Trainee: 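Sending over a structure as structure tokens; questions will come in a sec.
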Amino acid sequence: MDRRAFLTAATAGLLLPQPAVPAQAASSSRTLGSDPFTLGVASGDPSADGFVLWTRLAVDPLGGDGRGGMPSRDVEVDWQVATDERFAKVIKSGTATARARDAHSVHVELKGLEPGRDYFYRFRSQGRLSPAGRTRTTPTGETTPLRFAVAACAHYEHGYYTAYRRLAEQEPELVVFLGDYMYEYGPSGYTALAGRVRTHTPGKCRTLADYRLRHAQYKSDPDLQAAHAVAPWLMSFDDHEVENNWAGAVSSTGAPGFEQRRAQAFRAYYENMPLRRASLQGAVLRVNRRVSWGTLARFHLLDTRQFRDDQACLDGVRAGCDERLADERTLLGGDQWRWLESGLNDSTTRWNLLGQQIMVAQRDYKIGPGREVNLDSWDGYAAERTRLLRSLSRTPNPVVLTGDAHMHHLAELKTDFDDPDAPVVARELVASSIASDGDGYRDRTWISEALQENPHISYIDQRRGYLMARLTRDELSVDFRTLDYISRRGARARTAHRLTIPAVTGAAAAGRAAPPAG
């Protein structure tokens, strides 16, 4: 059975015959009165010998206390991993405890598996069987091509998650998600141009219960569940998983108690994502990490929120903000910067893919004389951006993957964006949103003016969508996928733009060097 057949069967329940249930368990299941696997299953953070398996029990996902209608006691959950989709060859199994204090979430960290192959997994609890998921270990040594997807920004109210469904149908081996998985606003709190297709749970997220409930609402979507079931995900957050445009310990609204609120949001995020247990360290959530795909590629996942300085000049899109140019301003924080630079310098893979949240390329939003930039993006931290680009110039075949912008962008990255002759050190691929800002549009006049104003940017598209990429030793080919609408279900996904980036090899690769300082 191929990936597409598996996806169709799994999401339709065809692979999930209910097992015989002892009378006592059947009675318990009837008492609960519902399926505890309403939030689906997921996997993530693959390694050469394992991955993380996730589920969260919830018989009533939108139960008002954020506990998913589950009892206040812990619940045992059995899990299985097989080499075939019908689970005839189960190679690992065990029991995990879904603890009430963790919103009955389960994180199983597998080891001891074979590298570079597909596995199938499922859970069982309360006499019920979960949907099946498909995942994969990373390869070692020389590898076959990698097909991966890049996605970001999925505001539930702004549209249906058809883009997730279309992404799943393309059967990637890996999904890289770059932030704004959920939004913290109350109903109609952020409508922008989108209107409202669906309605958020009541109120703006402020408490642990609020965040748990909002995550459950998003996870209940069948199209999102399908995308999680088809491949492992590399997860990272941006701002809306906590609060719009937060920066380090600073709330964008100035509301008191922000650090406690952020800690509660982090806890709920961990509970609902296929992350390793070590990622949650008290009030800190560590998502900057590296995942290697054999000798082909190394993914460097960044956190551009938790350790940054506050935005310059009161944030927003502004002109004339000299504060943003200050050399000491940091977006990554000192520890993460050293970690990143070490990982780039030590990399021996053919490609280096930097997964992060906000646009690296300079982006002038003012048409005509003068310049206006988004101070929440890397434009607000220009000196550290220059240091980053110099480091990338010494790195084998770097490519930056970005979310946040709600529009597809393709940009050339340079240490001096104002010099048309400055060498290109990397390319930035910006994924549009899955749903944020609604149906989208394609204003050709506006796009033409924006491209003319920013000659290092060669493509912009305001429609919803995602990126689908195929990576080999010789090249990275990328399809910018778009949908014509998401305000109703059923839209097709199309390739609106395609590019191929050839690998730099041999003497050219050895000759890569940082531009001189100054």
Side-chain angles (χ1 to χ4, degrees), residues 150-153 158-159 163 178 192-195 316-321 324 357-380 382 385 389 399-469 476-487 491-501:
V150 181
C153 304
H158 287 182
L178 298 176
L193 301 175
V317 176
R318 298 181 185 276
C321 178
R324 73 183 184 91
Q357 293 72 42
I358 52 177
M359 279 193 69
V360 174
Q362 178 174 286
R363 176 76 160 82
D364 184 1
Y365 287 83
K366 180 176 174 56
I367 305 301
R371 176 177 296 160
E372 294 179 349
V373 299
N374 179 6
L375 298 172
D376 186 60
S377 73
W378 281 89
D379 272 327
R385 173 175 61 193
L389 294 177
V399 177
V400 177
L401 309 174
T402 300
D404 182 64
H406 302 180
M407 300 180 193
H408 285 319
H409 288 72
L410 170 58
E412 294 179 334
L413 298 180
K414 307 177 177 184
T415 54
D416 186 350
F417 289 101
D418 295 324
D419 179 1
D421 297 323
V424 175
V425 302
R427 283 175 173 79
E428 182 174 20
L429 313 176
V430 183
S432 185
S433 66
I434 291 291
S436 302
D437 286 346
D439 281 340
Y441 51 94
R442 203 171 190 204
D443 185 336
R444 295 182 183 276
T445 299
W446 181 90
I447 291 172
S448 177
E449 292 175 342
L451 295 179
Q452 185 174 2
E453 199 68 37
N454 298 273
H456 53 281
I457 300 176
S458 59
Y459 173 68
I460 296 176
D461 199 312
Q462 300 138 315
R463 292 171 293 186
R464 307 287 72 83
Y466 56 93
L467 306 181
M468 187 62 65
L476 171 63
S477 57
V478 182
D479 289 350
F480 289 79
R481 305 282 285 173
T482 61
L483 287 76
D484 289 338
Y485 56 87
I486 58 168
S487 55
R492 294 174 56 192
R494 311 170 191 272
T495 297
H497 187 71
R498 177 175 291 160
L499 82 150
T500 298
I501 303 172

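For clarity, every value in this text was computed on a predicted model and none was experimentally measured.
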Trainee: Quick one: CG on D404 to CG on N374, what's the gap to the nearest 0.5 Å?
Mentor: 7.0 Å
Trainee: Only one of H408, M359, H406 clears side-chain contact (heavy atoms from CB on, under 4.5 Å) with V430; which?
Mentor: M359
Trainee: Atom OH in Y466, atom CD1 in I434: separation rounded to 0.5 Å?
Mentor: 8.0 Å
Trainee: Using side-chain contact (heavy atoms from CB on, under 4.5 Å), reason through L467 and F480 one step at a time and then give a plain yes or no.
Mentor: CA-CA 5 Å; L467 306 181; F480 289 79; 3.3 Å; yes
Trainee: Does any pair with a residue in residues 455-469 pass salt bridge (charged side-chain N to carboxylate O under 4.0 Å, His left out), and if so which ones, sequence neighbours excluded?
Mentor: R442-D461, D461-R463, R463-D484
Trainee: How many angstroms lie between atom CD of Q362 and atom OG of S377, to the nearest 0.5 angstrom?
Mentor: 9.5 Å
Trainee: Taking salt bridge (charged side-chain N to carboxylate O under 4.0 Å, His left out) as the test, write out the residues that go with E412, two or more places apart.
Mentor: R427
Trainee: Go through the steps for D437 and H158 under the test side-chain contact (heavy atoms from CB on, under 4.5 Å), then give the verdict.
Mentor: CA-CA 6 Å; D437 286 346; H158 287 182; 4.1 Å; yes
Trainee: Using every non-hydrogen atom in the two residues, find where G465 and L483 come nearest and quote the distance to one decimal.
Mentor: CA-CD1, 4.2 Å
Trainee: Quick one: do R385 and D379 satisfy side-chain contact (heavy atoms from CB on, under 4.5 Å)? Show the steps, please.
Mentor: CA-CA 8 Å; R385 173 175 61 193; D379 272 327; 2.7 Å; yes
Trainee: Do you know the tightest heavy-atom contact between A411 and A361?
Mentor: CB-CB, 3.8 Å
Trainee: Quick one: are L429 and V150 in side-chain contact, heavy atoms under 4.5 Å?
Mentor: no
Trainee: Answer yes or no: is there a donor N or O on one side and an acceptor on the other, between the side chain of N454 and the main chain of H456, under 3.5 Å?
Mentor: no
Trainee: Using the six-membered ring wherever Trp is involved, compare the ring planes of H497 and Y459 and label them parallel, tilted or perpendicular (cut-offs 30° and 60°).
Mentor: parallel
Trainee: Carefully, step by step, assess Q462 and I447 under the rule side-chain contact (heavy atoms from CB on, under 4.5 Å).
Mentor: CA-CA 9 Å; Q462 300 138 315; I447 291 172; 3.5 Å; yes
Trainee: If you look only at pairs with a residue in residues 358-372, which of them pass as a salt bridge (charged side-chain N to carboxylate O under 4.0 Å, His left out), with sequence neighbours excluded?
Mentor: R371-D418
Trainee: Which atoms form the tightest heavy-atom contact between A450 and I460, and what is the distance?
Mentor: CB-CD1, 4.0 Å
Trainee: Could you grab the distance from atom CD1 of I501 to atom CG of L499, nearest 0.5 Å is fine?
Mentor: 5.0 Å
Trainee: Working to the nearest 0.5 Å, report the span between OG1 of T482 and CZ of R494.
Mentor: 7.5 Å
Trainee: I need the minimum non-hydrogen distance between C153 and S433, along with the two atoms involved.
Mentor: O-CB, 3.3 Å
Trainee: Working to the nearest 0.5 Å, report the span between OG1 of T500 and CG of L476.
Mentor: 8.0 Å
Trainee: Check whether E449 reaches the backbone of I367 with its side chain - one donor and one acceptor, N or O, closer than 3.5 Å.
Mentor: no
Trainee: Looking at every non-hydrogen atom in both residues, tell me the closest pair between L413 and L389 and how far apart they are.
Mentor: CB-CD2, 3.8 Å
